[in-house]
Amino acid sequence: MTTAARGSAAPTAGLRAAFRRSRVDWRLRFAFLSVVWGFSFLLTKVGTHGFAPFQVTLGRLLFGTAVLAVALAMRREGLPRGRRTWWHLTVAAFLLNALPFSLFAYSQETIPSALAAICNATSPLWGMVLSLVALSEDRPTRRRVAGLGIGFLGVLTVLGAWQGFSGIAPSGTALALLAALSYPVGWIYVRRTLAGSSHSNLSLTTGQLLIATVQLSVVTPLFAGFPTSFPMVPLLSIAALGALATGLAMLVQYGLVAEVGPTTAQTVTYFTPVIATVAGVTVLGEHLSWSTPVGALVIIAGAALSQSRTGAAARKAAARAKGDSAAPPVPDPRPGTAEGATISAPAAGGTGPAAAPVGRGSARGI
């Protein structure tokens, strides 16, 4: 083992052990992730009531980065080193944070938060399509093809295809779907470039969010200017979106994966659009036609089927994961990213708020 590898193994092992010693039952942490990622779309919607979409995204990244920076300092870890690593993090930050967060914020100027969450739920389906094309180890199976077909049938149901897609805002819906597509594109990039990094997952993720914050700090003044006022409710929504649904949620997700494994942890993805829909209807009074929740359930069913494995495949994946003695697989958040697929399950795209890069030895990959 190299000196660099030894230097990263101890903090990662310590981080993993600390997560496993958590006094909070994993079911409560699972419920926390489901709620905060489900409400992340509502919080984004409320934020756009007082601030421009780019300003909402910048605020989210600022608060999220601050939480991870505090965690990094408490673990006595540093940011990643190496020009090549930072270049890859720059691309990952754009594809997994800056771009999708901004697109979701802009989309919710014209579509309900519930519809944005349902569009986000298509991310695993896009991820499956892209992984079959870009990742040679992924092979199409009848189960995956059936899941894709069912999932995209759900998309057509949500959009009301039989009515000529009437009753929806085409531009807002397109932006939300593009944001969902951005997650698996970034996930594949991360898998190809950062999967062997010697840095811890926490270090890489903090660096990624920091880069995304810098990117938005440059873009926001050019296209949105500076806020002229700071209304309290939208400001608090952005603070919660960043601190809870991005920063703290990522830390909780690390611990959940370390304790119960990526397969169980990633099922949080399927609760997110349901909670987002309930929140949008009950809190914001959003109106949804019958086809929206029905289509959402069809999408979730298709995504679950496309990511499921046969008994033999599951046992083989478990054996590979068991043989990995380094860092545990880290979820690919993505909300938040709606949020939660892992590289150990190549079929899944990032659906969370901030897809996390992969540390050394991880089977996978905000």
Between Y183 and L96, the two heavy atoms sitting closest are O-CD2, 3.2 Å

Taking every heavy atom of L42 against every heavy atom of G280, the minimum-distance pair comes out as CD1-N, 4.5 Å

Sorted by chain and residue number, the salt bridge (charged side-chain N to carboxylate O under 4.0 Å, His left out) partners of R27 (sequence neighbours excluded) come out as D25

- S182 side chain to L178 backbone, donor-acceptor under 3.5 Å: no

Parallel, tilted or perpendicular: ring planes of F271 versus F30, cut at 30 and 60 degrees = perpendicular

Interatomic distance, CG@L241 vs CG@L236, rounded to 0.5 Å, equals 12.5 Å

Is there a continuous path of hydrophobic side-chain contacts, each under 4.5 Å between heavy atoms, that joins V214 to L209?
no

Notebook entry, point to check: Going by the angle between their ring planes, with limits at 30° and 60°, are F54 and Y106 parallel, tilted or perpendicular?
Noted result: perpendicular

Output for pair (L68 CG, L204 CG), nearest 0.5 Å, gives 12.0 Å

Closest non-hydrogen atoms of F32 and A249, given as atom of the first, atom of the second and distance, are CE2-CA, 4.3 Å

Residue set satisfying side-chain hydrogen bond (donor to acceptor under 3.5 Å, both in side chains) with T213, at least two apart, ordered chain then number -> T65

Rounding to 0.5 Å, atoms CZ (R84) and CG (L89) come to a distance of 12.5 Å

Rounded to the nearest 0.5 Å, the OG atom of S217 sits from the CD1 atom of I211 at a distance of 11.0 Å

Are V70 and L202 connected, step by step, through hydrophobic side chains (Ile, Leu, Val, Met, Phe, Trp, Tyr) whose heavy atoms are closer than 4.5 Å?
no

Please check: side-chain N/O of Q108 versus main-chain N/O of T44, any donor-acceptor pairing under 3.5 Å? no

Got a donor-acceptor contact below 3.5 angstrom from the H199 side chain to the L79 backbone?
-> no

The test is side chain to side chain contact (heavy atoms under 4.5 Å, CB included); show your working for T206 and L210 and say whether it passes.
CA-CA 6 Å; T206 305; L210 178 61; 5.5 Å; no

Worksheet item: Do T110 and L175 have side-chain heavy atoms sitting under 4.5 Å apart?
Response: no

With the side chain counted from C-beta on, respond yes when T205 and Y254 share a heavy-atom pair under 4.5 Å apart, and no when they do not.
yes

- Task: Taking T122 for its side chain and C119 for its backbone only, find out whether a donor-acceptor pair lies under 3.5 Å.
- Result: yes

Check against side chain to side chain contact (heavy atoms under 4.5 Å, CB included), L244 and F39
CA-CA 10 Å; L244 297 179; F39 270 81; over 6 Å; no

Donor-acceptor pair, side chain of Q55 and main chain of G225, under 3.5 angstrom: yes

**I299 vs T157 side-chain heavy atoms within contact, under 4.5 Å** = no

| message | Taking the side chain as everything from C-beta on, heavy atoms only, tell me whether L181 gets closer than 4.5 Å to L177. | response | no

Look at the side-chain heavy atoms of Ile, Leu, Val, Met, Phe, Trp and Tyr, link any pair under 4.5 Å apart, and say whether F41 and V278 land in one connected group. no

Exercise. Would you say M250 and T246 make side-chain contact, with heavy atoms under 4.5 Å?
Worked result: no

Same cluster or not: F51 versus V233, using hydrophobic residues (I, L, V, M, F, W, Y) connected whenever any side-chain heavy atoms lie under 4.5 Å apart? yes

All heavy atoms of S203 vs all of G78, minimum pair found to be OG-O, 2.7 Å

When every non-hydrogen atom of A180 is compared with those of S123, the smallest separation belongs to O-OG, 3.1 Å

| field | Sidechain-backbone polar pair: Q253 side chain, L33 backbone, donor-acceptor under 3.5 Å | value | no

In this structure, CD of E109 is separated from CD1 of I111 (nearest 0.5 Å) by 11.0 Å

Here the ring-ring contact (aromatic ring centres under 6.0 Å, His included) pairs for residues 57-95, sequence neighbours left out, are H88-Y189

Non-hydrogen side-chain atoms of V46 and L284 separated by less than 4.5 Å: yes

So CZ of F223 and OG of S102: to nearest 0.5 Å the spacing works out to 11.0 Å

Heavy-atom closest pair (A121 atom, P273 atom, distance to 0.1 Å) is CB-CG, 4.1 Å

Quiz item: Do V218 and L95 sit in the same hydrophobic cluster, where Ile, Leu, Val, Met, Phe, Trp and Tyr count as joined when their side-chain heavy atoms come under 4.5 Å apart?
Solution: no

